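Keep in mind that the numbers below use all heavy atoms, side chains included, and drop hydrogens, waters and symmetry copies. Bear in mind the structure is a predicted one, so any value in this text is a computation, not a measurement.
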Amino acid sequence: MESGNYLYLYCIIETGEERNFGPIGVGGRGDLVTTINYEDISGVVSRTPLLKHDLSRENLLGHQKVVEEVMKEYTVLPVRFCTVTECAENIRGVLRKRYAEFKKLIREMDNKTELGVKVLWKDIKAVFRDIAEGDPDIRRLREKIASKPLKQNYSENIVLGRMVQAALESKKKEVADGVLERLNPIALDTAINKVHGDSMILNSAFLVHGGRIKEFDDTIAELDSSNNDRMGIKYVGPVAPFNFINIVVEWR
């Protein structure tokens with residue numbers, strides 16, 4: 001197949017109309033994002049010169065941008081990043097074969113959105129000081145290490161590092177559990193993602209019904225206000241439900 005004639009599939013929506021969402025296709029060439037229809041559902045696609053796209057930040061954000069643009073008008077079922085095929089008939093075949101599944105998922109996701117919440121300590125050094133001063137075992141070992149020559153402390157420093165890290169993880173869990181205790185009852189579902197670095201306490205996403213978004217907003221504001229001197233909350237949304245729907249397509 002000639003370069004540029006592959007089709008990149010972003011998401012599934014409920015419409016039988018031909019749509020044009022503009023020149024926002026992944027890859028930065030300005031490819032038009034349009035639809036390929038089967039009955040009253042469609043795949044949202046753009047042309048692409050590549051069968052494989054690098055798993056880069058730029059490409060991931062490009063994929064996300066398209067899905068979230070479509071989300072402004074439709075309930076979306078996000079498709080896994082870099083789902084590419086050679087012809088429109090392959091996409092129609094998937095829509096036909098999985099029609100009942102996609103219709104059911106669209107109904108289930110109607111008027112629901114994803115809200116992202118990250119919780120981070122503002123001053124990780126202060127947290128480590130609290131751990132060092134508040135844990136008697138850690139405090140005693142630090143004092144013992146300080147009383148000996150530096151060359152004799154290698155193994156004890158390793159033990160101390162492990163104790164501090166364990167105490168930090170315990171503290172993270174305590175704080176994260178407190179946040180989740182407030183937010184989980186408002187959400188229909190929760191996804192807990194990997195945290196990165198010592199400062200990040202919680203990296204989560206919540207599937208929330210449209211009628212409860214304000215309640216969720218207010219709870220986030222209360223949490224942020226009550227812990228403003230210790231931790232910060234990064235709150236993102238509404239976004240497409242990437243953490244809860246990830247359609248995987250196999251071309252056959």
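Under the 3.5 Å distance criterion, the side-chain polar atoms of Lys234 are left unmatched by any main-chain donor or acceptor of Val119. Formation of a donor-acceptor pair under 3.5 Å by the Ser225 side chain with backbone atoms of Glu222 is not found in this model. Between the side chain of Asp123 and the backbone N or O of Lys125, at least one donor-acceptor pair lies under 3.5 Å. Between the side chain of Ser42 and the backbone N or O of Thr15 there is at least one donor-acceptor pair closer than 3.5 Å. In terms of modelled atom types and a separation under 3.5 Å, the side chain of Asn90 and the main chain of Thr85 share no donor-acceptor contact. The main-chain N or O of Ala166 is never found under 3.5 Å from a side-chain atom of Ser170 such that the two would form a donor-acceptor pair.
Around atom CD of Glu108, more than 12 heavy atoms belonging to other residues, nucleotides or ligands sit under 6.0 Å away. The number of heavy-atom neighbours closer than 6.0 Å to NZ of Lys65, taken from other residues, nucleotides and ligands shown, is 12 or below.
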Step-by-step salt bridge (Lys or Arg N to Asp or Glu O under 4.0 Å) determination, Lys171 to Glu174:
CA-CA 5 Å; Lys171 200 173 185 68; Glu174 180 184 351; 5.7 Å; no
From CA spacing to verdict: side chain to side chain contact (heavy atoms under 4.5 Å, CB included), Ile106, Leu77:
CA-CA 7 Å; Ile106 289 169; Leu77 304 180; 3.7 Å; yes
Dump the intermediate steps for side chain to side chain contact (heavy atoms under 4.5 Å, CB included) on Val117 and Phe206, then the final yes or no.
CA-CA 8 Å; Val117 177; Phe206 300 84; 3.8 Å; yes
Taking it one step at a time, do Asn37 and Glu17 satisfy side chain to side chain donor-acceptor pair (under 3.5 Å)?
CA-CA 7 Å; Asn37 316 112; Glu17 299 178 356; over 6 Å; no
Worked check of side chain to side chain donor-acceptor pair (under 3.5 Å) between Tyr99 and Asp40:
CA-CA 9 Å; Tyr99 178 84; Asp40 60 345; 2.6 Å; yes
Side chain to side chain contact (heavy atoms under 4.5 Å, CB included) evaluation trace for Val79 with Ile12
CA-CA 7 Å; Val79 174; Ile12 310 297; 4.1 Å; yes
Could you go step by step and tell me if Ile124 and Leu168 meet the side chain to side chain contact (heavy atoms under 4.5 Å, CB included) rule?
CA-CA 10 Å; Ile124 190 62; Leu168 178 66; 4.2 Å; yes
I'd like to know whether Tyr8 forms a side chain to side chain donor-acceptor pair (under 3.5 Å) with His63, so could you lay out the CA-CA distance, the side-chain angles of the two residues, the decisive distance to 0.1 Å, and finally the verdict.
CA-CA 10 Å; Tyr8 187 111; His63 177 99; 2.8 Å; yes
Evaluate the side chain to side chain donor-acceptor pair (under 3.5 Å) criterion for residues Tyr235 and Asp217: first the C-alpha distance (whole Å), next the side-chain angles of each, then the deciding distance (0.1 Å), finally the verdict.
CA-CA 9 Å; Tyr235 180 36; Asp217 290 347; 2.5 Å; yes
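Taking CD1 from Ile91 and OG1 from Thr83, the interatomic distance works out to 9.5 Å, rounded to the nearest 0.5 Å. Within the model, atoms CG of Leu95 and CD of Glu101 stand 11.0 Å from one another, a figure rounded to the nearest 0.5 Å. How far CG of Asn59 is from CG of Asp54: 6.5 Å, rounded to the nearest 0.5 Å. Residue Cys82 holds its SG atom at 9.0 Å from CG of Leu55, rounded to the nearest 0.5 Å. Considering CG of Asn243 and OG of Ser204, their distance stands at 9.0 Å, rounded to 0.5 Å. Atom CG in Asp218 sits 8.5 Å away from atom CD1 in Ile186 (nearest 0.5 Å).
Leu120 is not listed as a side-chain neighbour of Met231, based on a closest heavy-atom distance of 4.5 Å or more. Taking the side chain as every heavy atom from C-beta outward, Leu202 and Val175 never approach each other to under 4.5 Å. By the 4.5 Å heavy-atom criterion applied to side chains, Leu223 and Val179 are counted as neighbours. Under the 4.5 Å side-chain criterion, counting only non-hydrogen atoms from C-beta, Pro241 is in contact with Met109. Annotation: side chain of Gln64 is in contact with side chain of Phe242 (closest heavy-atom distance under 4.5 Å). With a 4.5 Å cut-off on side-chain heavy atoms, Glu68 and Val239 count as touching. Using a 4.5 Å heavy-atom threshold, the side chains of Phe102 and Ile247 count as touching. Residues Ile220 and Leu183 form a side-chain contact, since some pair of their non-hydrogen atoms from C-beta on lies under 4.5 Å apart.
Minimum interatomic distance between Leu180 and Ile192 (heavy atoms only, all atoms of both residues): CD2-CD1, 3.9 Å. For Leu115 against Gly237, the heavy-atom pair with the smallest separation is CD2-CA, 4.0 Å. Pairing each heavy atom of Arg230 with each of Trp121, the nearest pair is O-CD1, 3.5 Å. Taking both residues in full, the closest heavy atoms of Thr35 and Ile13 are given as CG2-CD1, 4.3 Å, listed atom of the first, atom of the second, then distance. Closest approach of Lys118 to Asn203, counting heavy atoms only: CE-OD1, 3.4 Å. Taking each heavy atom of Ala240 and Met71 in turn, the nearest pair found is N-SD, 3.2 Å.
With salt bridges taken as basic N to acidic carboxylate O contacts below 4.0 Å, one links Lys72 and Glu69. At a threshold of 4.0 Å, the pair Arg96-Glu89 counts as salt-bridged, since one of the basic side-chain nitrogens sits closer than that to a carboxylate oxygen. Here Glu14 does not pair with Arg107 in a salt bridge; the nearest charged N to carboxylate O distance is not below 4.0 Å. Electrostatic pairing of Asp31 and Arg29 counts as a salt bridge here, judged by a charged N lying under 4.0 Å from a carboxylate O. Salt bridge annotation for Glu169-Lys173: absent, with no cationic side-chain nitrogen under 4.0 angstrom from a carboxylate oxygen.
Follow the hydrophobic side-chain contacts under 4.5 Å out from Phe128 and you never reach Met200; the two are in separate clusters. Placement of Val45 and Leu32 in two distinct hydrophobic clusters is found when ILVMFWY residues are connected by side-chain heavy-atom separations under 4.5 Å, directly or transitively. Both Val84 and Phe81 are part of a single hydrophobic cluster, where members link through side-chain heavy atoms under 4.5 Å apart. Taking hydrophobic clusters as Ile, Leu, Val, Met, Phe, Trp and Tyr residues chained together by side-chain heavy-atom distances below 4.5 Å, Val127 does not share a cluster with Val195.
Using modelled atom types, one finds a donor on one side chain and an acceptor on the other under 3.5 Å when comparing Tyr10 with Ser46.
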